[in-house]
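One structure below.
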Amino acid sequence: MEVDLLELYNYLLRHYGNQSWWPADTPFEVAVGAILTQNTSWTNVERAIERLRESEMLVPEKLINIPTEEVGQLIVSAGFRNSKSKAIKEIARFFAEGPDHMKNTTVIRSELLNIKGIGNETADAILLYALDRPVFVVDKYTRRLLTRLGINPPSGYRALRKFLEDKLPKKTELYKEYHALIVRHNKSFCRSSPSCSDCCLEQVCLQNI
DNA sequence: CGCCAGGGCCATA
DNA sequence: TATGGCCATGGC
């Protein structure tokens, strides 16, 4: 008996409704937000993005030419300013050069991963939400949710991403909403219980859909 | 006061 | 491969 990941998606969608991620005006803003939100609450990220916008620095060509320390001052609210400011300047260069739509996803991913401060999850978030590539964004909540549902997820980020993508239709919109729903579910999730018997997914566990 | 948030890097074994 | 310390800010 194994949980059907598509059924799980439909359950989350019915329960929480459409999350409509990513909240941003442009693909570049998505990428900046993906860096800023690393281990950081979204409210703190919003302040940083708003400061970048007010200072008219939310533009790749401008960010390239201002000192890293100055970028850091604009994003203090999001924390980790030393590493995030460098990563933001590099992703600005990436966007300033113009996204090459002919490159396949694997090539772009390796380019993103070459940027210091961008790891697996951030690279995939940029691929999915900024560049519209069908990539399942894995985070620690994804792994924990699967574990609590009785699935034994493969260890390692890439292995789990492949595990999920092999079991789901390779649809960009599905992946966008799925990751958003998992994050949404986590906000009202029991943090103490090691099983899912205390959260709203109890029915899912019991029915073993 | 401590915990955690839409992670990632680096040293170490 | 897989841990642990560290990075920084703000809400609760």
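Each chain gets a letter, A, B and so on, in the order the sequences are listed, and its residues count up from 1.
Inter-residue side-chain proximity for A:L36 and A:I88 is flagged as met; some heavy-atom pair is nearer than 4.5 Å.
For A:R93, the CZ atom counts as loosely surrounded, since its 6.0 Å shell holds 12 or fewer non-hydrogen atoms of other residues, nucleotides or ligands. Shown here is A:E61, whose CD atom has more than 12 heavy atoms of other residues, nucleotides or ligands within 6.0 Å. Within 6.0 Å of atom NZ in A:K162, 12 or fewer heavy atoms from other residues, nucleotides or ligands are found, so the atom counts as exposed in its surroundings.
Secondary-structure annotation of DNA chain C gives the stems B:2-5 with C:9-12, B:7-13 with C:1-7, with a stem taken as at least 3 successive Watson-Crick or G-U pairs whose two distances both fall under 3.5 Å.
Atom name P, nucleotides C:dA2 and B:dG6: the rounded distance is 26 Å, in whole Å.
Comparing B:dA5, C:dG10, B:dG6 against the side chain of A:K140 picks out B:dA5 as the nearest. For A:N82, taking side-chain heavy atoms from C-beta onward, the closest of the listed nucleotides B:dA5, C:dA8, B:dG8 is C:dA8.
The CD-P distance, from A:E50 to C:dT9, rounds to 20 Å in whole Å. Spacing between atom CD of A:Q73 and atom C1' of C:dA8 amounts to 13 Å, rounded to whole angstrom units. Between A:I75 atom CD1 and B:dA5 atom P there is a gap of 20 Å when expressed in whole angstrom units. Rounded to whole Å, the distance from CG on A:L36 to P on B:dA5 is 18 Å. Remark: P of C:dA2 and CG of A:L160 are 13 Å apart, rounded to the nearest angstrom. Separating the CG atom of A:L112 from the P atom of B:dC9 is a distance of 12 Å, rounded to the nearest angstrom. When rounded to the nearest whole Å, the span between CH2 of A:W21 and P of B:dG6 equals 7 Å. The distance between atom CZ of A:F136 and atom C1' of B:dG6, rounded to the nearest whole Å, is 13 Å.
Under the 6.0 Å distance and 45° angle rule, A:K176 does not count as a cation-pi partner of A:Y178.
Residue-level contact check: A:I118 touches the backbone only, with heavy atoms under 4.0 Å from sugar-phosphate atoms and none from bases. Using a 4.0 Å heavy-atom distance criterion, A:G79 is classed as a base contact.
Nearer the 5' end of DNA chain B, as judged by each residue's closest nucleotide, is the contact made by A:Y141, out of A:Y141 and A:I115. Closest-nucleotide positions on DNA chain C for A:S83 and A:S155 were compared, and the one nearer the 5' end corresponds to A:S155. Nucleotides of DNA chain B nearest to A:Y129 and A:L113 differ in position, and the one nearer the 5' end is that of A:Y129.
In this pair, A:F80 does not lay its aromatic ring on the base of B:dG7; centres under 5.5 Å and planes under 30 degrees do not both hold.
Residues of residues 38-47 of chain A that place a heavy atom closer than 4.0 Å to DNA chain C, in numerical order, are A:N39, A:N44, A:R47.
A:Q19 and A:A180 get closest at one heavy-atom pair: CB-CB, 3.6 Å.
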Take A:W42 and A:W21, measure what ring pair (Phe, Tyr, Trp, His ring centres under 6.0 Å) needs, and give me the verdict at the end. CA-CA 12 Å; A:W42 186 249; A:W21 271 22; 7.4 Å; no
Show the numbers, then the answer: is there a ring pair (Phe, Tyr, Trp, His ring centres under 6.0 Å) between A:H179 and A:Y175? CA-CA 6 Å; A:H179 175 68; A:Y175 291 163; over 10 Å; no
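Between the A:S85 side chain and the A:N82 main chain, a donor and an acceptor come within less than 3.5 Å of each other. Using modelled atom types, one side-chain atom of A:R143 and one backbone atom of A:G156 make a donor-acceptor pair closer than 3.5 Å.
Phosphate proximity of B:dG6 to A:K187: present, with a side-chain N or O under 4.0 Å from OP1 or OP2.
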